[in-house]
Amino acid sequence: MLDSRFDPAAAEPRLYKRWEQEGCFKPSMDTAAEPYCIVIPPPNVTGVLHMGHALNHTLQDVLVRFERMRGKNVLWQPGTDHAGIATQMVVERELAKDGVKRTDMSREDFTEKVWAWKEQSGGKILDQDRRLGSSMDWSRTRFTMGRNPHLPADTPDPNDDVAMAEAVRNAFVQLYNEGLIYRDKRLVNWDPHFQTAISDLEVENRDVDGHMWHFKYPLEGGETYTYVEKDEDGNVVLEEERDWISIATTRPETMLGDGAVAVHPDDERYAPIVGKMVRLPLANRLIPIIADEYPDPEFGSGAVKITGAHDFNDNMVAKRHDLPMLRLLDERGAMTDIDGSVPEKYVGMDRFEAREAIVADIIALGLMVTDTDEESGEAVPRIEKKKIMQPFGDRSGVVIEPMLTDQWFVNAEELSKEARAAVADGRTDFVPDNWSKTYFNWLDNIEPWCISRQLWWGHRIPAWYGPDGRIIVADNEKEALRQAEMSGPGSWRIAEHEEAVANNFVDKDDFALLARDPDVLDTWFSSALWPFSTLGWPNETDELDMFYPGAVLVTAFDIIFFWVARMMMMGLHFTGQIPFKHVYIHALVLDEKGQKMSKSKGNAMDPLELIDEYGADALRFTMSRMAGMGRNIRLSKQAVEGNRNFGTKLWNAARFCQMNECANWDGELDPRALKQPTNQWIVSECAAAFKEATIALEAYRFDDAAGAAYRFTWNTFCDWYLELIKPLLNGEDETAKGETRQVAGWVLDQTLKLLHPFMPFITEELWEALSEHGPQRQGFLMLQSWPEFDEVHDNPAATEELNWVTELISEIRSARADLGVGAGTKVPMTLVDADKPTRDRLDRHKGAIIARARLETARAEAEAPEGSITTVVGGTSVALRIADLIDAGEAKSRLDKELRALDKELTGLEKKLANPNFVAKAPLEVVEENRQRVVDGKIRVEKLNAARAGLEAL
RNA sequence: GGGCGGUUAGCUCAGCGGUAGAGCACUACGUUGACAUCGUAGGGGUCACUGGUUCGAUCCCAGUACCGCCCACCA
């Protein structure tokens, strides 16, 4: 006998272990079954399971379990991402606890530490996934960095059976040889904290409080001009002789690198001085005033200082006008005189320190534009407070500097063409479809992708430099040397010291040998290869053959650019095929107040805590039911609790079946052989629920699928069916009893299957617990087949009949409650003037109706007994003789209330039907439906009036 | 500045050209042997606003307001 409740804490780990041990999660490599593959978005190896993962993994597991039951050969590919910056940060923090800095150690030593950390503390999330019930094939777990090089050669590495690192090198070399990867000196986003370039996507623009300073740049040679400012109507509002030009800046410290002052060519104010020179204060250089379309005459003074090396806009202007691009900052964001433009006093100052110093010096020189203070009449420097957009590193949180450096780039524009086409022509589609707009929008404006990072943790770029400036890209050192020798004079050796390498900040003349590029690749470069690198690419493996392309990618919208688009690019480029057929974009998980969960806000819910408290099934089912097409999910504990209760309901339904010998069925169920309408009906309803859930899952409507399963289980199976069959089970008719037991057992089994993808643990536990009662319950539930239903299971007549029964019972209950007839009071009920089929129905379901509606008697007569009130169910008048049980006045007022409501409804309907346009243009069935409603309503009015008259007579 | 989305019951959200739905919360009644992690019933909504299309609009179209999110180079 089942316990009175399910114990998730005990059952879940036990069941999971058994599934895993029995190899339930592994696909077959030798089958004709249709393959179905989902690759997991690899979580950061540093990560722990948070709500976002819980949702993401739940949805994938629902799909995977569903398709597995449908007979597909399923691979759910797990793994983790090495997460360059994030992991380096974590390990650096660990080291800092012991007072050790990364820079105190060698690169080799540091990466060894990272590997050691990864082996020990990394990848926790994969263990946590087991708690959730994720049915991934753990034997194929991959890591984007591949094998740990610090393991002894004879030690197997779980990630060693495919060459993840080889895939990355291979991809890089191929793209380089095709000209799609190149080295270039460009303005990139520089993170002064991590001292590395980052991609545009890793920059977060935030609105912050800033200032705008107005400087005077003096014209050279004592030149003057008449500055005239007009208002909108062309009236002169200011006219004065000036020997300076006003520029406005939010970043005063960059002025030292100015290459020009730009004004709009149509700006009449500055027309007289275009082409003249100004003497740049503090730097004491001469720079020209140039005309360019970029400055907006309406903004600031209309004149813009151009700092080509430290601003993306200015950089474009500088390129157009061939202006010098002078670097002012070093890799830490401190002033440096690398290009001879920074006076000694500022060298070494941090950028923010330098800002203050420069502003102070400009004020001291009297080169700040001033305004007159209205109260004191004194001149005050013009410093406006202003909201400005400032770029921050999404990992470091420090202000990003645009920096002119040598980096590696991917020609994303070229690769994006096919990626765009594949979605445009439907080879891959987004679900919901509107995300494809976002995707296109980004691809259409794509910039070169900076893939080099000045970090130590990551895939080292397979490029070597010679002292003559040559670049050799090769799969390995040996190959690099071979290429060097083939192409140039002398013999070559690999440089032993990285310090001699050609990097952005090192003089190239230091080259003595062939030196490897010290940089590593952007983490997303290897992630972009994930759908096929995990399957063994570039080798031609059976796995690749069988499981690529994947069926669907399940992810949140925040990584469409980072990851989805790049997988599309790389997948199409390297395999010629799309990496997945569908991209299902799910919501983000928010807290109850609709805020993004984060540790810093303290509103993060821990999925593991919820699992501890309510069980994994409850959490999974909650996630599934809430996974609509919307953009976010607001999760509350209450919701999880409610779904835990649903599990309990299911558990008790099974318990009831077991207690009533309703779990002991075996063999096949032939719906056509059933005699009892109640049984025919539940089979039909069960089939309908499966169809609804199946269609919904095929369309990634997890909420609809889970909802259909929920409603069937609770509202149909438990609330109605199990209640309706109780009289049957207690009755004398052994044939009916036997049939009912069979059907109840069958429906229970189907329910377990239906719910299994969502609630794998409780369903598996019940399946196992009930296995002693039915020989069909062999093996794991998770390996059973998803039932297919056809017309044989549909039974419209039984459905109609049971709808009548349930409606009748509900109607009577409702009337009783309204009239204050307590549940303990049995009431006589009469079907008034019912036809033969209806009388037969009453006979067939008499026991159930009496029991469920708490009746004294249920019979059919020609007329309503005195003291009855009447209601109508399915065209039949139902009279409840309750006059002596209730307050007649109360009953009358209830009837009156109903009559008023009916009257209102009928008036509306008649008005509608009187409209010739409605009758002419509305679909026939709609008109008919309305007519029928009027007819029914009128009959009902009559009966209610009769009942009222009966009450009057009392 | 561009783009996307939202506004429906107290809360969280479905829905969608033809009588407004669910879950939770609330109210009343109920412990009838599967289940109080429960059952039965009930109250509660000008479907943001303004126009338009339509026989008919919560739904389609246009605009307005407010709220989110993403992208963007206004010094």
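Keep in mind that the numbers below use all heavy atoms, side chains included, and drop hydrogens, waters and symmetry copies. Residue numbers start from 1 in every chain, and the chains themselves are labelled A, B, ... in the order their sequence lines are given, proteins ahead of strands.
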Can you say whether a donor on the side chain of A:E723 sits under 3.5 Å from an acceptor on the base of B:rA34, or the other way round? yes
May I ask you to decide whether A:R382 forms a salt bridge with A:E384, counting only side-chain N to carboxylate O separations under 4.0 Å? no
Name the nucleic acid region contacted by A:C718, choosing base, sugar-phosphate or nothing; use a 4.0 angstrom heavy-atom cut-off, strictly under. base
For B:rG18, does OP1 or OP2 lie under 4.0 Å from any side-chain N or O of A:R931? no
Would you classify A:E298 as touching base, sugar-phosphate or nothing, given that sugar-phosphate means primed atoms plus P, OP1 and OP2, and contacts are heavy atoms under 4.0 Å? nothing
By the 4.0 Å heavy-atom rule, please label A:R813 as base, sugar-phosphate, or nothing. sugar-phosphate
From the options B:rA34, B:rG18, B:rU12, select the nucleotide whose nearest atom is closest to the side chain of A:M626. B:rU12
Quick one: A:N445 CG to B:rG3 P, roughly how many Å, whole number? 12 Å
Across the strands shown, which category fits A:W714 at heavy-atom distances under 4.0 angstrom: base, sugar-phosphate, nothing? sugar-phosphate
B:rA75 OP1/OP2 closer than 4.0 Å to side-chain N/O of A:S301: no
Between A:R251 and B:rA75, is there a side-chain N or O to OP1/OP2 distance below 4.0 Å? no
Write down the distance separating the P atoms in B:rA57 and B:rG17, rounded off to the nearest Å. 14 Å
Distance, P atom - from B:rC24 to B:rG5, rounded to whole angstrom: 32 Å
Side chains of A:E413 and A:S416 only: does a donor on one sit below 3.5 Å from an acceptor on the other? no
Taking atom C1' in both B:rC29 and B:rG43, what distance in whole Å separates the two? 15 Å
Could you check how far NZ of A:K912 sits from P of B:rA57, rounded to whole Å? 10 Å
Please tell me which of the listed nucleotides, B:rU12, B:rC24, B:rA34, lies nearest to the side chain of A:Q638? B:rC24
Atom CD of A:E293 and atom P of B:rC73 are separated, to the nearest Å, by 19 Å
Side chain of A:F299 only, please: which of B:rA75, B:rA34, B:rU19 is the nearest? B:rA75
Does A:N205 reach the main-chain N or O of A:M389 with its side chain, forming a donor-acceptor pair under 3.5 Å? no
Take A:Y614 and A:T622, measure what side-chain contact (heavy atoms from CB on, under 4.5 Å) needs, and give me the verdict at the end. CA-CA 11 Å; A:Y614 301 109; A:T622 305; over 6 Å; no
Taking the side chain of A:A922 as heavy atoms from C-beta outward, which of B:rG18, B:rC71, B:rG23 is closest to it? B:rG18
Partners passing side chain to side chain contact (heavy atoms under 4.5 Å, CB included) against A:P916 (at least two apart in sequence or in another chain): none
Pick the C1' atom in B:rG1 and in B:rA75, then give their distance to the nearest Å. 16 Å
Contact class for A:Q658 (heavy atom, under 4.0 Å): base, sugar-phosphate, or nothing? nothing
Mapping A:E905 and A:M316 to their closest nucleotides on RNA chain B, which lands nearer the 5' end? A:E905
Considering only side-chain heavy atoms of A:A248, which listed nucleotide, B:rA34, B:rU19, B:rA75, is closest? B:rA75
If you only use heavy atoms from C-beta on, which nucleotide in B:rA41, B:rA75, B:rU37 is closest to the side chain of A:R644? B:rU37
Among the nucleotides B:rU54, B:rU37, B:rG18, which one has an atom lying closest to any side-chain atom of A:P923? B:rG18
For A:N915, report the nucleic acid contact type (base, sugar-phosphate, nothing); a contact means any heavy atom under 4.0 Å. sugar-phosphate
Are OP1 or OP2 of B:rU19 and a side-chain N or O of A:K904 less than 4.0 angstrom apart? no
Write down the distance separating the C1' atoms in B:rC35 and B:rG30, rounded off to the nearest Å. 15 Å
For a quick check of understanding: with a heavy-atom distance under 4.0 Å over all strands, which category does A:Y294 fall into, base, sugar-phosphate or nothing? base
In terms of side-chain geometry, is the basic nitrogen of A:K305 or A:D258 positioned less than 4.0 Å from the acidic oxygen of its partner? yes
How long is the line joining NZ of A:K726 and C1' of B:rG39, in whole Å? 10 Å
Separation of B:rC70 atom P from A:D200 atom CG, nearest Å, is 16 Å
By nearest-heavy-atom nucleotide on RNA chain B, the more 5' of A:K437 and A:M659 is A:K437
For B:rU19 versus B:rU64, give the span between their C1' atoms, rounded off to a whole number of Å. 31 Å
So, taking the atom named OG1 in A:T648 and the one named CD1 in A:I762, what distance separates them when rounded to the nearest 0.5 Å? 6.5 Å
Nucleotide nearest A:N205 when distance is taken to its side chain, options B:rG18, B:rA72, B:rC35: B:rA72
Whole angstrom value for the distance that separates C1' of B:rC24 from CG of A:N645: 11 Å
Scan A:R854 against the nucleic acid and name what it touches under 4.0 Å (heavy atoms): base, sugar-phosphate only, or nothing. base
Reckon A:P295 touches a base, only the sugar-phosphate, or nothing at all at heavy-atom distances under 4.0 Å? base
How close or far is atom P of B:rC74 from atom NE2 of A:H264, stated in whole angstroms? 17 Å
A:E856/A:K826 ion pair, N-O < 4.0 Å: no
In terms of side-chain geometry, is the basic nitrogen of A:D936 or A:K938 positioned less than 4.0 Å from the acidic oxygen of its partner? no
Using a cut-off of 4.0 Å on non-hydrogen atoms, how would the nucleic acid contact of A:F312 be classed: base, sugar-phosphate, or nothing? nothing
Show the numbers, then the answer: is there a side-chain contact (heavy atoms from CB on, under 4.5 Å) between A:I362 and A:M255? CA-CA 11 Å; A:I362 290 282; A:M255 65 157 296; 4.0 Å; yes
Applying side chain to side chain contact (heavy atoms under 4.5 Å, CB included) to A:T871 and not counting sequence neighbours gives A:E811, A:V878, A:R940
If the C1' atom of B:rU7 is compared with that of B:rU12, how far apart are they to the nearest Å? 14 Å
Would you classify A:M389 as touching base, sugar-phosphate or nothing, given that sugar-phosphate means primed atoms plus P, OP1 and OP2, and contacts are heavy atoms under 4.0 Å? base
Within the 4.0 Å heavy-atom criterion, would you say A:G210 contacts the bases, only the backbone, or no part of the nucleic acid? nothing
Kindly point out which of B:rA75, B:rA34, B:rA41 is positioned nearest to the side chain of A:K386? B:rA75
Using a 4.5 Å cut-off on heavy atoms from C-beta on, say whether the side chain of A:T250 contacts that of A:M212. yes
Taking the C1' atom in each of B:rU31 and B:rC38, what is the distance between them to the nearest angstrom? 9 Å
Taking OH from A:Y721 and P from B:rC35, how many angstroms apart are they, rounded to a whole number? 19 Å
Just to be sure I follow the notation: if a pair is Watson-Crick (purine N1 to pyrimidine N3 plus N6-O4 or O6-N4) or a G-U wobble (N1-O2 and O6-N3), each under 3.5 Å, what dot-bracket string does RNA chain B give, with | for pairs to another strand? (((((((..((((....[..)))).(((((.......))))).....(((((..]....))))))))))))....
From B:rA41, B:rU40, B:rA75, pick the nucleotide closest to the side chain of A:D311? B:rA75
